[in-house]
There are 2 protein chains.
Amino acid sequence: MVKPVWSFSLSAKLDLFAAFADIARALGNAHRLDLLEHLAQGEKSVEALAGKAGLTVANASQHLQALRRVGLVVGERRGKQVVYRITEDDVLDLVAALRRVGERHTNAVKVVVGDYFQARDSLDAVGFAALEQMVTDGLATILDVRPADEFADGHIPGALSIPLTELKVRLDEVPTGLEVVAYCRGPWCVLAFEAVALLREQGRLAKRLEGGLPEWRRAGLPVATP
Amino acid sequence: MVKPVWSFSLSAKLDLFAAFADIARALGNAHRLDLLEHLAQGEKSVEALAGKAGLTVANASQHLQALRRVGLVVGERRGKQVVYRITEDDVLDLVAALRRVGERHTNAVKVVVGDYFQARDSLDAVGFAALEQMVTDGLATILDVRPADEFADGHIPGALSIPLTELKVRLDEVPTGLEVVAYCRGPWCVLAFEAVALLREQGRLAKRLEGGLPEWRRAGLPVATP
DNA sequence: CCATCAATCAAGAGAGTTCTTGAATGAACG
DNA sequence: CGTTCATTCAAGAACTCTCTTGATTGATGG
């Protein structure tokens with residue numbers, strides 16, 4: 001009974017790999033990665049996610065179901081709404097691993113980064129430990145440039161909340177003399193890039209944080225929710 | 001000039017996410033995950049990979065190009081052959097992260113594991129540190145059940161090579177009195193599951209190693225290549 | 001219990017993926 | 001320099017994915 005072992009093994013292996021492949025395919029769409037980034041800020045309703053991701057509600061619902069089908073997110077009925085959240089932290093680790101491979105390997109990322117970011121800011125991001133040091137030394141202001149509702153759901157303690165859309169007209173609220181460290185939803189969140197570019201145009205000393213709030217939380221650092 | 005910032009940001013973000021999504025989609029096929037597992041054992045030609053994965057050469061070539069297009073593998077012409085290898089270790093980390101999410105989340109994995117493995121062995125796998133302790137204490141034999149060519153390309157020092165297909169007729173080569181720890185290509189490689197099942201049917205004390213050779217190597221542990 | 005609102009379902013057009021088959025490269029070697 | 005062998009390319013049939021539209025479900029609140 002040697003043959004059965006082989007045929008059995010092959011199909012079992014492919015069944016397993018097919019299950020893993022289903023998960024990978026669920027990640028294989030830009031809108032779904034976007035939805036995951038928004039969910040990484042905190043749980044949200046379908047309608048809220050659709051708005052933030054720029055999708056119709058029906059379309060967002062279908063994408064969320066694709067993510068739910070493979071266990072990346074869970075949805076819970078809460079009154080009239082269905083609130084989705086990321087199932088567990090290892091999902092964030094998976095997306096982070098995907099991002100790391102993408103940063104190094106893909107030409108597309110290099111092109112995008114080159115075209116859009118390199119001219120503006122790009123390289124010098126501040127690490128979490130460095131930021132904490134700068135803050136305790138009184139050298140830096142932390143600036144959260146996400147929309148106000150996301151700030152309200154959780155932010156880095158002591159951070160100043162000025163959504164990017166309002167930054168230009170609220171520049172006077174940013175303390176002068178200190179370096180500004182801007183952060184946003186994640187390592188590639190464009191809001192932080194934009195904020196740094198805008199602040200530098202105004203002659204301020206500004207850098208972006210190398211990760212966003214989900215990475216900060218995942219690193220076990222304190223999150224404030226006032 | 002506030003509006004342009006937004007439209008710019010949105011498209012830049014989606015471009016980036018589309019690049020990451022391309023990588024995820026390249027992982028989103030059972031055969032390609034299989035090819036990656038074989039490549040994790042060591043570099044291989046298209047024909048060798050096609051044979052091991054049970055694909056036609058043309059089909060294997062197309063899958064490998066899909067992996068190469070997103071930078072997961074690189075191909076190098078070497079005489080008549082093109083030899084592929086995994087680009088860098090972070091690709092292994094990505095696949096490992098995918099597997100971890102799959103192990104916990106997906107029903108399909110639970111079903112497959114339940115159907116195929118749980119009855120046979122399943123739970124008690126030996127960790128790397130535990131194995132090293134058992135070997136220094138003289139309590140265990142390490143058994144490599146992969147095909148001979150993969151053993152030749154690198155294996156755990158001191159391991160005995162008996163491919164699964166030959167295990168039944170070469171049982172007498174396995175030392176008695178010691179516990180047998182079988183390993184294979186990776187955490188879900190069915191060869192090791194099968195080997196443990198077969199050994200236990202023969203009344204031997206057998207467990208599987210919790211990872212395969214790529215995980216062993218990735219952990220910085222020594223690999224022998226005689 | 002009927003109106004309302006959030007979310008999901010269903011169906012279909014258009015685009016992309018997968019595998020097969022047979023032809024085309026391109027290096028090696030007599 | 002023509003043959004051989006490994007690999008890649010090209011085209012097409014079958015299937016899957018994505019987004020839109022309009023209908024349906026399910027909870028809430030007058």
Side-chain angles (χ1 to χ4, degrees), chain A residues 10-11 14-15 17-36 38-39 43-70 72-85 108 149, chain B residues 10-11 14-15 17-36 38-39 43-70 72-85 108 149:
Chain A
L10 233 186
S11 78
L14 285 181
D15 284 355
F17 283 174
F20 296 143
D22 287 342
I23 297 173
R25 240 187 342 261
L27 293 176
N29 177 283
H31 288 307
R32 285 197 291 271
L33 290 177
D34 194 19
L35 289 169
L36 282 175
H38 286 294
L39 284 172
E43 57 179 36
K44 290 187 173 47
S45 68
V46 177
E47 192 169 39
L49 285 164
K52 285 188 183 288
L55 301 170
T56 64
V57 171
N59 199 194
S61 173
Q62 281 171 324
H63 280 305
L64 288 165
Q65 282 167 65
L67 292 170
R68 183 167 60 183
R69 213 172 295 132
V70 298
L72 291 171
V73 306
V74 289
E76 181 198 344
R77 178 129 230 160
R78 203 170 294 168
K80 268 191 204 180
Q81 306 195 116
V82 174
V83 172
Y84 280 89
R85 65 170 181 280
D149 61 317
Chain B
L10 233 187
S11 77
L14 286 181
D15 284 355
F17 283 175
F20 297 144
D22 286 341
I23 298 174
R25 223 171 313 127
L27 293 176
N29 175 285
H31 289 306
R32 286 197 289 271
L33 290 177
D34 194 18
L35 289 169
L36 282 175
H38 286 295
L39 284 172
E43 56 178 35
K44 289 188 174 46
S45 69
V46 178
E47 191 169 39
L49 285 164
K52 284 187 183 290
L55 301 171
T56 65
V57 171
N59 199 193
S61 173
Q62 282 172 326
H63 279 306
L64 288 165
Q65 283 167 67
L67 292 171
R68 184 168 58 182
R69 213 172 295 132
V70 298
L72 291 170
V73 305
V74 289
E76 181 197 345
R77 180 129 230 163
R78 202 171 293 169
K80 270 191 204 178
Q81 304 194 116
V82 174
V83 173
Y84 280 88
R85 65 170 182 280
D149 61 317

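Letters go in sequence order (proteins before strands), and every chain restarts at 1.
Proximity of B/His63 to the phosphate of C/dT17: no side-chain N or O atom is located under 4.0 Å from OP1 or OP2.
Whole-Å rounding puts the B/Glu76 CD to D/dT7 C1' distance at 15 Å. For the pair B/Lys44 NZ and D/dT7 P, the interatomic distance rounds to 13 Å; values are reported in whole Å. Remark: C1' of C/dC19 and CG of A/Leu14 are 15 Å apart, rounded to the nearest angstrom. Across the protein-nucleic acid pair, B/His31 atom NE2 and C/dT17 atom P stand 17 Å apart, rounded to whole Å. Between B/Leu55 atom CG and C/dT21 atom P the separation is 14 Å, expressed in whole Å. Distance, A/Leu67 CG to D/dC17 C1': 14 Å, rounded to whole Å.
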- Task: Take B/Lys44 and B/Asp149 through the salt bridge (Lys or Arg N to Asp or Glu O under 4.0 Å) test and state the conclusion after the steps.
- Result: CA-CA 11 Å; B/Lys44 289 188 174 46; B/Asp149 61 317; 5.7 Å; no
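Minimum interatomic distance between A/Gly28 and B/Arg25 (heavy atoms only, all atoms of both residues): O-NE, 2.9 Å.
Applying the side chain to side chain donor-acceptor pair (under 3.5 Å) rule to A/His38 yields the partners A/Asp34; only residues at least two apart in sequence or on another chain are considered. With sequence neighbours excluded, the residues satisfying side chain to side chain donor-acceptor pair (under 3.5 Å) with B/Glu43 are B/Arg78. Checked against side chain to side chain donor-acceptor pair (under 3.5 Å), B/Arg85 has the following partners two or more places apart in sequence or in another chain: B/Glu76. B/Ala18 meets the side chain to side chain contact (heavy atoms under 4.5 Å, CB included) test with A/Ala30; sequence neighbours excluded. Evaluation of the side chain to side chain donor-acceptor pair (under 3.5 Å) rule for A/Arg68 yields A/Tyr84 as partners, not counting sequence neighbours.
If you run side chain to side chain contact (heavy atoms under 4.5 Å, CB included) between B/Leu67 and each of B/Val74, B/Leu36, B/Ile23, B/Leu33, only B/Leu36 comes through.
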- How does each nucleotide of nucleotides 6-12 of chain C score, in 5' to 3' order, for protein heavy atoms under 4.0 Å: base (B), sugar-phosphate only (S), or none (-)? SSBBBB-
Pair up each side-chain donor or acceptor in residues 55-63 of chain B with any protein partner under 3.5 Å, not counting sequence neighbours, and list the distances.
{"residue": "B/Thr56", "atom": "OG1", "partner": "B/Asn59", "partner atom": "N", "Å": "3.1"}
{"residue": "B/Ser61", "atom": "OG", "partner": "B/Gln65", "partner atom": "NE2", "Å": "2.8"}
{"residue": "B/His63", "atom": "ND1", "partner": "B/Arg32", "partner atom": "NH1", "Å": "3.1"}

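Residue contacts for B/Arg32: at a heavy-atom cut-off of 4.0 Å it reaches the sugar-phosphate backbone alone, with no base atom in range.
The terminal axes of the helix from C/dC1-D/dG30 to C/dG30-D/dC1, fitted over 5 pairs per end, subtend an angle of 20° to the nearest 10°.
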